There are 2 protein chains.
Amino acid sequence: MAPIVPDGLFAIINFLSSSLKRIYKKGVGMNMEPINLKKLASLLHLSISTVSKALRDSHEISADTKKRVMDLARELNYEPNPYAGSLRKFKSKTIAVVVPDIINNFFIFAIKGIQETAHAKGYHVLIYITNENPEYEKDVVRHMTNGRVDGVVISLTSPIDDTEHLMHLQEKGVPVVFFDRVAEGFDSTIITTNNYESAYNGTRYLIEQGCRRIAHCQVSDKISIGIDRLNGYKKALEDAGIEVRPEWILTSKKDSAHDATLIENALLQKNAPDGLFTSVETHALITYDICRKHKIDMPGKLKLLSFSNMPTAHLLKPSLSTITQPAFEIGQAAVQQLILALEKPARYIPEKVNMDSVLIERESTGK
Amino acid sequence: MAPIVPDGLFAIINFLSSSLKRIYKKGVGMNMEPINLKKLASLLHLSISTVSKALRDSHEISADTKKRVMDLARELNYEPNPYAGSLRKFKSKTIAVVVPDIINNFFIFAIKGIQETAHAKGYHVLIYITNENPEYEKDVVRHMTNGRVDGVVISLTSPIDDTEHLMHLQEKGVPVVFFDRVAEGFDSTIITTNNYESAYNGTRYLIEQGCRRIAHCQVSDKISIGIDRLNGYKKALEDAGIEVRPEWILTSKKDSAHDATLIENALLQKNAPDGLFTSVETHALITYDICRKHKIDMPGKLKLLSFSNMPTAHLLKPSLSTITQPAFEIGQAAVQQLILALEKPARYIPEKVNMDSVLIERESTGK
DNA sequence: CCTTCTCCCGGCAACGTTTCCGTAATTAAT
DNA sequence: ATTAATTACGGAAACGTTGCCGGGAGAAGG
């Protein structure tokens with residue numbers, strides 16, 4: 001069927017272009033010639049478009065041609081160049097996940113949920129850790145308008161009123177899904193937990209456990225969860241007729257050494273708090289260290305409650321009472337919503353999903 | 001300077017093509033027209049190649065032309081399409097990190113190190129979690145020959161003798177750097193810790209603490225660290241004249257329920273172990289739960305030592321003695337080596353980096 | 001005045017796909 | 001038998017870049 005002479009010529013031509021490419025690409029190396037549609041087409045004596053359509057199982061191609069093409073493609077381990085397709089189709093099958101921190105079990109589990117469902121749907125996941133640095137977040141987000149990612153799942157480190165970089169992203173047609181640390185005024189999906197109620201219930205629980213001087217350590221006064229949780233804390237105190245004392249509202253500076261002295265000073269003052277409600281698990285751990293250092297009896301002298309997804313909370317001494325968020329499910333839901341926005345924009349209606357956290361009583365609150 | 005009529009015409013033409021593109025791309029939406037080199041060129045009455053060169057600060061372009069171009073690019077928030085460049089240049093400025101698990105502080109810190117240094121060097125990071133599934137790892141790795149990533153940093157879940165998928169990757173010219181769970185026979189950088197010595201010293205330490213019936217729980221008998229650590233464990237027993245009992249070598253089935261009963265049965269048999277040396281922190285946590293459930297006194301009846309990077313090890317009850325690996329530094333080193341291989345292939349010599357873990361004595365071993 | 005050189009810029013091909021279109025050959029409908 | 005429809009394939013443009021050329025204008029040197 002295939003004429004001999006042209007094949008020989010093809011072989012020579014291919015060899016030449018092969019070695020040229022090799023030099024151009026790597027200088028030296030054992031890497032074989034890249035195999036692409038053109039290569040498959042020439043080996044099969046078909047056109048590039050026919051091969052392309054055959055591989056995509058197009059109805060325009062006969063059954064046995066498809067088989068020939070697919071067999072050869074499998075044999076040669078053909079892998080389509082994703083960037084060529086992306087360039088043509090304006091979609092990369094890639095999403096970005098942007099988180100403030102990774103040494104935090106909440107984000108770990110969320111990332112796991114994100115990654116798992118994204119991969120199940122055929123998406124690749126680029127990960128960006130902002131290290132609580134708003135400038136870095138802006139920088140990263142601004143560069144996402146270039147088509148590298150089809151959509152973004154983000155938990156903010158920027159203040160709630162400083163999100164024009166995300167507005168810009170949205171205007172450029174890149175869907176954004178927020179989770180946990182969210183923004184307002186966006187026509188996009190926002191996935192949170194019931195922060196206000198959790199903080200309210202947590203604070204009230206501390207009161208019920210006998211605390212009257214309850215401090216709160218928040219991660220920031222400029223992000224959504226910081227505000228919501230603070231408000232829940234305040235309202236619970238008010239409802240119990242307990243004065244809200246500003247000096248007992250500790251605000252993290254995102255520097256663990258600073259935070260440690262902040263908490264330490266608060267706990268060592270005269271008439272010190274008898275209850276502490278922390279918003280992130282690292283602050284709870286810092287508190288453990290402080291209590292050990294200064295021999296503060298927990299839960300005797302100080303009761304501690306923290307938002308946390310630590311797998312070791314029940315093994316600590318004393319075991320840590322926690323408000324635990326459904327982190328994994330949040331990650332899953334975020335990606336599901338994002339992919340819906342990407343693939344069925346008509347059926348996508350941005351929604352505010354609000355999931356419930358669960359309060360787990362343990363020894364640190366005198367259980 | 002610029003003639004008025006042509007500009008007006010351009011505007012009309014641009015508007016038309018804009019609305020057309022909008023319909024083609026999204027159907028509907030507030031997204032503006034994408035801005036690319038062609039657009040910049042037409043606005044500036046320059047050629048595409050001139051604009052391209054100006055943006056890359058080429059010496060072929062005059063200073064004021066560069067300024068005009070860059071000013072407009074900044075004003076319009078021009079972002080070069082990364083995939084077009086990747087297609088042209090055969091490099092994506094993207095690396096993949098493949099890890100078996102993410103609910104494991106070792107990998108968390110490693111990922112942090114990887115991500116941080118990769119971004120510092122201008123690389124993007126795709127993350128793949130294999131969930132200890134070799135088939136999934138193979139699937140993922142096989143699809144990495146298509147140019148999506150320039151290189152791969154991997155900690156294996158596949159058995160040490162089943163790595164042809166990685167061979168294939170290397171043959172295709174994609175550099176691979178292994179860390180922690182590594183493979184043999186590859187001409188590439190391998191970053192490990194001194195697993196044999198750590199296991200030897202850890203086991204000897206347990207002996208010194210009075211243990212005579214020491215069990216070892218390994219993550220797998222088919223991966224590098226499993227083998228090395230087991231051998232260190234065995235050697236330490238032999239050197240102390242203690243018999244190595246096969247039934248005390250527990251091998252994880254990568255299913256936490258199964259592992260729990262495995263360890264539970266081992267600890268409940270008559271003449272049970274008085275020491276346990278676990279290779280991953282999850283097994284240590286399982287052991288804590290078992291001890292609590294069955295009221296096994298730790299460290300009285302059972303001493304526990306584990307490889308672990310848990311930030312809460314010192315806060316557990318009892319605090320956990322650990323062998324802690326320099327996870328963050330491993331991640332850093334892995335990426336540094338990979339980028340060296342990518343950018344200075346001439347100066348890159350694959351090496352076997354071996355870092356030291358540190359044994360931290362705490363209460364779980366009777367400190 | 002002619003040559004040579006430098007400076008600046010534009011044209012064009014190429015990267016690997018996808019997809020719109022055209023068309024030849026075969027089959028079905030009239 | 002002529003036309004219409006269908007099947008199966010190829011040609012070519014396009015996606016947004018980069019980089020090799022080539023060339024015109026002006027300056028410098030003879």
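Proteins get letters first, then strands, A, B, ... in listed order; numbering begins at 1 in each. Predicted, not measured: the structure shown is a model, and the values here were computed from it.
- For D:dG10, its base sits under 3.5 Å from the side chain of A:Lys53 at one donor and acceptor pair at least.
- Rounded to whole angstrom, the span from the CG atom of B:Leu46 across to the P atom of C:dG11 amounts to 11 Å.
- When each of D:dG16, C:dG10, C:dT17 is scored by its nearest atom to the side-chain atoms of A:Asn36, the top-ranked nucleotide is C:dT17.
- Between the CZ atom of A:Phe90 and the C1' atom of D:dT17 there is a distance of 13 Å, given to the nearest Å.
- Taking atom CG of residue B:Leu44 and atom C1' of nucleotide C:dC8, one finds them 15 Å apart after rounding to whole Å.
- Regarding contacts with the backbone of C:dG16, every side-chain N or O of B:Arg88 stays at 4.0 angstrom or more from both OP1 and OP2.
- Considering only the side chain of A:Arg56, C:dT19 comes nearest among D:dC15, C:dT19, D:dG10.
- Proximity of a side-chain donor or acceptor of A:Ser47 to a complementary backbone N or O of A:Thr50 within less than 3.5 Å is detected.
- Judged purely by distance below 3.5 Å, without hydrogens or angles, the side chains of A:Arg142 and A:His168 never pair a donor atom with an acceptor atom.
- Note on B:Ser49: every side-chain N or O is 4.0 Å or more away from OP1 and OP2 of C:dG11.
- Inspection of the B:Thr145 and A:Glu79 side chains reveals no N or O donor paired with an N or O acceptor under 3.5 Å.
- Between C:dC9 and B:Ser62, a contact under 4.0 Å exists linking OP1 or OP2 to a side-chain N or O.
- Distance A:Asp57 CG to C:dT18 C1': 16 Å, rounded to the nearest Å.
- For B:Ser52 and D:dT18, the shortest distance from a side-chain N or O to OP1 or OP2 is below 4.0 Å.
- Rounded to whole Å, the distance from CG on B:Asp64 to P on C:dC8 is 9 Å.
- As judged by a 4.0 angstrom heavy-atom cut-off over every strand, A:Thr65 is placed among residues touching the sugar-phosphate backbone only.
- Across the protein-nucleic acid pair, A:Asn81 atom CG and D:dT17 atom P stand 17 Å apart, rounded to whole Å.
- Between the A:Tyr83 side chain and the B:Arg148 main chain, a donor and an acceptor come within less than 3.5 Å of each other.
- Panel note: side chain B:Asn146, backbone A:Pro82; no donor-acceptor pair is recorded below 3.5 Å.
- Contact annotation for A:Pro80: backbone-only contact, meaning every heavy-atom pair under 4.0 Å involves sugar-phosphate atoms and none involves a base.
- A sub-4.0 Å separation between OP1 or OP2 of D:dC9 and a side-chain N or O of A:Thr50 is absent.
- Applying the 4.0 Å criterion to OP1 and OP2 of C:dT17, one finds that A:Tyr78 has a side-chain N or O inside that range.
- Nucleotide C:dT17 holds its C1' atom 13 Å from the CG atom of B:Asn146, rounded to whole Å.
- When the nearest nucleotides of DNA chain C are assigned to A:Ile48 and A:Glu60 by heavy-atom distance, the more 5′-ward of the two goes with A:Ile48.
- Atom pair B:Lys91:NZ and D:dT17:C1' shows a separation of 15 Å (rounding to whole Å applied).
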Problem set entry | Working for side chain to side chain contact (heavy atoms under 4.5 Å, CB included), residues A:Thr163 and A:Leu166 | CA-CA 5 Å; A:Thr163 53; A:Leu166 290 154; 4.2 Å; yes
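- In terms of position on DNA chain C, the residue among B:His59 and B:Ala84 whose nearest nucleotide sits closer to the 5' end is B:His59.
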